[in-house]
2 protein chains.
Amino acid sequence: MGVSVAGPAGRGRPLRNGRGLLDRQAIVAAALAVARTEGLPAVTMRRIADELGCGPMSLYRHVADRDALVLEMLDVVAAGIDVPPPSPDPRAELTGLLTAVHAALAVDHWAVLPLVAEGFASPRILPVLDRALAALTRVGLTGRARLAAHQMLWQYVFGELLWTHHDQPDSLGKRMVRAASPQDFPAIADAVRTASVHPAENFPENLQRLLDGVLGGGSR
Amino acid sequence: MGVSVAGPAGRGRPLRNGRGLLDRQAIVAAALAVARTEGLPAVTMRRIADELGCGPMSLYRHVADRDALVLEMLDVVAAGIDVPPPSPDPRAELTGLLTAVHAALAVDHWAVLPLVAEGFASPRILPVLDRALAALTRVGLTGRARLAAHQMLWQYVFGELLWTHHDQPDSLGKRMVRAASPQDFPAIADAVRTASVHPAENFPENLQRLLDGVLGGGSR
DNA sequence: ACCTGAACACCGTTCAAGT
DNA sequence: ACCTGAACACCGTTCAAGT
């Protein structure tokens, strides 16, 4: 013992801290790197431990469990949101906030699933939500109507992120749509053709159309 | 052997087929029952096998793997969509189609995640997609604008399903929002108050507002 | 006191042995 | 030929043994 029995390889250099010590920040950084290159499912306790050159159990000294680690990762993403300065114009305010969150999550698309599926979230998002709600108040929306408008906006943003910015270029659903018979489904075949021409980046204009509906109508 | 060494219990009655035989339909039915009561993560090969009183490997005679089983389950959900008869009015047509899909997935909410996250889908949905695209054509939308409108509609529907119809009543995100300080985040605190009064069923009216934006504007 | 290896209870699936 | 138990390669995490 001591020489190690030819461990599973990959142990390598101690990435870790500046002083060679393992701390939470180093763990989160390693986990983020893996999530960005290979997706969140690749972030296993064993894999991150290997990445840092330690045993899986050493991680539990610094994070309570895997969920806590993912939460910490989401906090870093939230901290990276380029929150715009407040605007007095409600449409500009909402456009700025929604676009900033959308941009951050389009880059770190692995973060979308734990946010919507597990209901994870960083407290850093609270100021953004508060400003969005305040902007809706300024256009005359209150109570249930304001809440409905708020939910609708975020629901669309996350729906867009899930459908468009997902690293499954050849998922079963997409293949199915592409293979749809032009005789039976002429509109689908036509849509597939236009989709292959245009790169499907419709978020900015769709967001404006959505804001048309939300802001244009006023209350009710 | 033969008496079984006190197996993990739960083997019980052979649910199975009418003639006591194991077939694909019985497997899918058992998996659906588990998914509906305990969620999709509870649908493991071992669990379904236990439910049917057989070993895990017996399932592989009838389904290729777990993904194929989930796909079969989604096919049953798609078959259950109460697709409305065609309507000449585009708004009525789109409302009917989107509402039907939304209703089916609000009941089987476990199905939403594999649809959006893994890109799974049943071919049964193709006629619905084709009719929706055709309705958009009838209001004068073509090419990229039509595709953008189509995506926007479905993205909203799935975003709504993920945010609202998820069986996490006490997710971290929801708790965080409820616990938001009224001094720092007055608009959030106000929204939480109105949300506790009204049961947050905004899909029908939000869909109409979305259709206002999509259909009202016409092309571009 | 601090850290971590062995072990446990899961998972999907391969492969070879049963009938 | 058909079916399936044992085994493999994973997973998160507990618990007790190391320093």
Side-chain angles (χ1 to χ4, degrees), chain A residues 1-11 14-17 19-24 26-28 30-31 34-35 38-73 110 113-114 117-118 120, chain B residues 1-11 14-17 19-24 26-28 30-31 34-35 38-73 110 113-114 117-118 120:
Chain A
M1 54 196 80
V3 202
S4 109
V5 216
R11 281 300 173 91
L15 193 52
R16 318 201 179 202
N17 191 342
R19 288 183 310 293
L21 288 174
L22 189 68
D23 64 351
R24 180 147 62 184
I27 295 173
V28 175
V34 171
E38 301 172 45
L40 193 56
V43 177
T44 69
M45 300 304 270
R46 285 171 158 90
R47 167 68 188 276
I48 304 307
D50 265 13
E51 215 73 29
L52 295 166
C54 65
M57 282 314 99
S58 308
L59 304 179
Y60 286 84
R61 280 286 122 195
H62 305 95
V63 291
D65 51 20
R66 189 181 181 272
D67 280 2
L69 172 57
V70 173
L71 217 51
E72 213 87 49
M73 295 164 68
W110 57 266
L113 224 48
E118 322 268 0
F120 285 1
Chain B
M1 56 198 78
V3 202
S4 108
V5 216
R11 278 301 172 91
L15 194 53
R16 320 206 178 198
N17 191 341
R19 286 183 312 293
L21 289 173
L22 189 67
D23 64 349
R24 180 147 62 183
I27 294 173
V28 174
V34 171
E38 302 172 44
L40 193 56
V43 177
T44 70
M45 300 304 270
R46 284 171 159 90
R47 169 67 188 278
I48 303 307
D50 266 14
E51 215 73 28
L52 295 165
C54 67
M57 284 313 99
S58 309
L59 304 179
Y60 286 84
R61 280 286 123 195
H62 305 94
V63 291
D65 52 21
R66 188 180 182 273
D67 281 2
L69 172 57
V70 173
L71 217 50
E72 213 86 49
M73 295 164 69
W110 58 266
L113 223 49
E118 322 266 1
F120 286 0

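Below, read A as the first sequence line, B as the second, and so on, with proteins coming before strands; counting in each chain starts at 1.
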Enter the distance from [X]:[atom1] to [Y]:[atom2] here, rounded to the nearest 0.5 Å.
X      : Y      : atom1 : atom2 : value
B/E118 : A/L113 : CD    : CG    : 8.0 Å
A/R61  : A/C54  : CZ    : SG    : 12.5 Å
B/R47  : B/E38  : CZ    : CD    : 4.0 Å

Sugar-phosphate atoms are those with a prime plus P, OP1 and OP2; base atoms are the rest. Using that split, label each nucleotide of nucleotides 7-19 of chain C B, S or - for protein heavy atoms under 4.0 Å, 5' to 3'. B---BBBB-----

Taking A/R66 for its side chain and A/V43 for its backbone only, find out whether a donor-acceptor pair lies under 3.5 Å. yes

Can you tell me if B/H62 uses its side chain to pair, donor with acceptor, with the backbone of B/I27 under 3.5 Å? no

Of the non-hydrogen atoms in A/L52 and A/A30, which two are nearest, and what is the gap between them? CD2-CB, 3.9 Å

Which heavy atom of A/R46 sits nearest to which heavy atom of A/P56, and what is that distance? CG-CG, 3.8 Å

Who pairs with A/R24 by salt bridge (Lys or Arg N to Asp or Glu O under 4.0 Å), at least two apart in sequence or on another chain? A/E72

Run through DNA chain D and report every stem of 3 or more consecutive Watson-Crick or G-U pairs, distances under 3.5 Å, ordered by first number. C:4-8 with D:12-16, C:12-16 with D:4-8

Can you see if the side chain of A/S58 gets near the phosphate of C/dC3 - specifically, an N or O under 4.0 Å from OP1 or OP2? no

